[in-house]
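Each remark here refers to the structure printed beneath this line.
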Amino acid sequence: MYKTIKLYYFSGTGNSKNVVDWFAVESEKRGIVVEKINISNTQRRNIEKPNVNDLVIFTSPIHGFNYPPIMFHFIMNFPKGNNDIILMNTRAGMKVGKFITPGLTGIAFYLSSVVLMLKGYKIKGFLPVDLPSNWISIHPGLNDNTIKYLHEKNFIKVKEFANKILDGNYYFKCMKEIIQDLLISPIAILYYIIGRFVLSKTYYASDSCNNCGACIKNCPVNAIREVSGKPYWTYHCESCMKCMSNCPEKAIETGHGFILTIIFLFSFLSTQVNIIFNQFIFTTFNPIIEFVLGQVVFFIILTIGYRLFHYLKRFKIINRIAVYTSLTKYKFWGKRYKAIKIK
């Protein structure tokens, strides 16, 4: 049916890359030419238009119940056409007994579908893939058996999906999740506007860092730079976890203690500012103005605090406090995540 398939993907720790590889294997068995394009290594504005009759597939992890900005912006900039489109994602799968608990796709498929259909494309199918969550900043890492089990089961799932699509079928089984996906859409919007920027300031390099530069060189969105001889995370960070999972010294941690300090400081200052304004300037704040001003103040505190934190880490006592208030440092929290290969 298709002579060529273009698989555009973004992957931090390898889950989405695995899904792309699994789909490609089934395609190549049929003699179909497969082109796998890592969008972090390609031009994301002047994108080459796919050939007529190419099957076009977009695959990415879910960040904040949507495609991460790098993938969503790529889709927004994708040229107009009339090709068939497949949307796939990887999301936080867990395991309870022999049952895989699904993650949440949120608005990723629906928002991207609207954009692509307005450009003239035809959507042929959706596939969410519940591979292991790599977000050890938020929860403990999964054990090896769970990781292997999730890979093996989802390998079969992707294989079956690929063959249905390549046989010319439509596939929208995940549409049964539309109610819960739409219910969490406000969180997806807030994550895009606010949340992702907060998360980008939770990463730091401990004194185990030997300044090898691997995290800076390998960051798929060029979000890490060197400041005062150590890695420094900018607001471009996508929280893909590639740096933390691949650091050879396991030196990259999540600053749980730091971010809690920032939240406490913000809450304290907000309370004092509200008291002053209510007594001497306004009787009450307009809720919208109050929210906007609150976010501005929070990001000012976060930006200054993160830079100060980065500077103070050169002192051993500050570094030790940071390390021992980071859950990712402890063995009980689990090891760094890396996707595995299924043959």
Side-chain angles (χ1 to χ4, degrees), residues 2 4-17 19-21 23-24 33-90 105-124 126 188-201 213 215-226 231-243 299:
Y2 302 106
T4 304
I5 297 177
K6 289 187 179 294
L7 285 152
Y8 298 95
Y9 72 94
F10 169 67
S11 188
T13 54
N15 282 341
S16 294
K17 178 61 165 58
V19 171
V20 163
D21 290 340
F23 196 103
V33 176
V34 175
E35 186 178 354
K36 293 181 279 189
I37 303 108
N38 182 350
I39 66 169
S40 63
N41 295 333
T42 190
Q43 170 60 249
R44 297 196 292 273
R45 289 195 176 273
N46 299 315
I47 304 166
E48 183 179 350
K49 185 176 180 178
N51 296 323
V52 177
N53 298 323
D54 285 355
L55 174 63
V56 177
I57 301 177
F58 299 99
T59 308
S60 166
I62 292 297
H63 289 178
F65 309 122
N66 193 10
Y67 279 140
I70 183 174
M71 176 55 80
F72 182 64
H73 295 167
F74 184 82
I75 290 172
M76 289 286 289
N77 290 322
F78 206 71
K80 294 180 179 180
N82 58 3
N83 303 68
D84 289 345
I85 296 284
I86 300 296
L87 296 174
M88 300 192 294
N89 72 54
T90 56
T105 294
I107 62 175
F109 288 155
Y110 312 116
L111 185 58
S112 297
S113 292
V114 170
V115 171
L116 290 164
M117 286 190 291
L118 289 173
K119 291 175 181 284
Y121 294 101
K122 181 168 61 177
I123 310 299
K124 291 281 289 184
F126 298 150
I189 295 168
L190 285 173
Y191 176 86
Y192 184 85
I193 297 173
I194 300 170
R196 61 195 176 103
F197 299 115
V198 177
L199 290 170
S200 68
K201 295 303 185 184
C215 57
I216 297 173
K217 179 181 178 181
N218 296 323
C219 178
V221 291
N222 298 316
I224 310 171
R225 57 191 176 92
E226 184 180 318
Y232 182 92
W233 279 257
T234 71
Y235 280 125
H236 295 294
C237 175
E238 298 272 10
S239 295
C240 72
M241 306 302 289
K242 184 171 185 176
C243 56
F299 279 107

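What you are looking at is a predicted structure, and each value in this text was computed from that prediction instead of being measured.
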Could I get the full list of salt bridge (charged side-chain N to carboxylate O under 4.0 Å, His left out) partners for K17, not counting sequence neighbours? D21
I need the full list of salt bridge (charged side-chain N to carboxylate O under 4.0 Å, His left out) pairs touching residues 71-84, with sequence neighbours left out, sorted by first then second residue. D84-K122
Exercise: do T90 and S16 side chains pair donor with acceptor under 3.5 Å: yes
For N82, the side-chain contact (heavy atoms from CB on, under 4.5 Å) test, sequence neighbours excluded, returns none
Pair H236-N222, side-chain contact (heavy atoms from CB on, under 4.5 Å): steps then yes or no: CA-CA 8 Å; H236 295 294; N222 298 316; over 6 Å; no
The criterion is ring-ring contact (aromatic ring centres under 6.0 Å, His included); which residues satisfy it with Y235, sequence neighbours excluded? F197
ring-ring contact (aromatic ring centres under 6.0 Å, His included) against Y9, all qualifying residues, sequence neighbours excluded: none
What residues form a salt bridge (charged side-chain N to carboxylate O under 4.0 Å, His left out) with K6, not counting sequence neighbours? E35
Does anything in residues 57-68 pair up under salt bridge (charged side-chain N to carboxylate O under 4.0 Å, His left out), and if so which pairs, sequence neighbours excluded? none
With sequence neighbours excluded, residues passing salt bridge (charged side-chain N to carboxylate O under 4.0 Å, His left out) with K119: none
Is any side-chain heavy atom of I194 closer than 4.5 Å to a side-chain heavy atom of F299? yes
Would you give me the side-chain donor-acceptor pairs under 3.5 Å for residues 45-59, sequence neighbours excluded?
unit_1 : atom_1 : unit_2 : atom_2 : d
D54    : OD2    : N51    : N      : 3.1

Can you name the residues that form a side-chain contact (heavy atoms from CB on, under 4.5 Å) with C237, not counting sequence neighbours? S200, Y203, A223, W233, S239
List the residues meeting side-chain hydrogen bond (donor to acceptor under 3.5 Å, both in side chains) with Y8, not counting sequence neighbours, and say none if there are none. none
For residues 62-78, which side-chain donor-acceptor pairs fall under 3.5 Å, sequence neighbours excluded?
unit_1 : atom_1 : unit_2 : atom_2 : d
H63    : ND1    : E238   : O      : 3.0
Y67    : OH     : M88    : O      : 2.9
H73    : ND1    : P69    : O      : 3.3
H73    : NE2    : Y192   : OH     : 2.6
N77    : ND2    : R44    : O      : 3.3
N77    : ND2    : H73    : O      : 3.1

Is any side-chain heavy atom of I86 closer than 4.5 Å to a side-chain heavy atom of I5? no
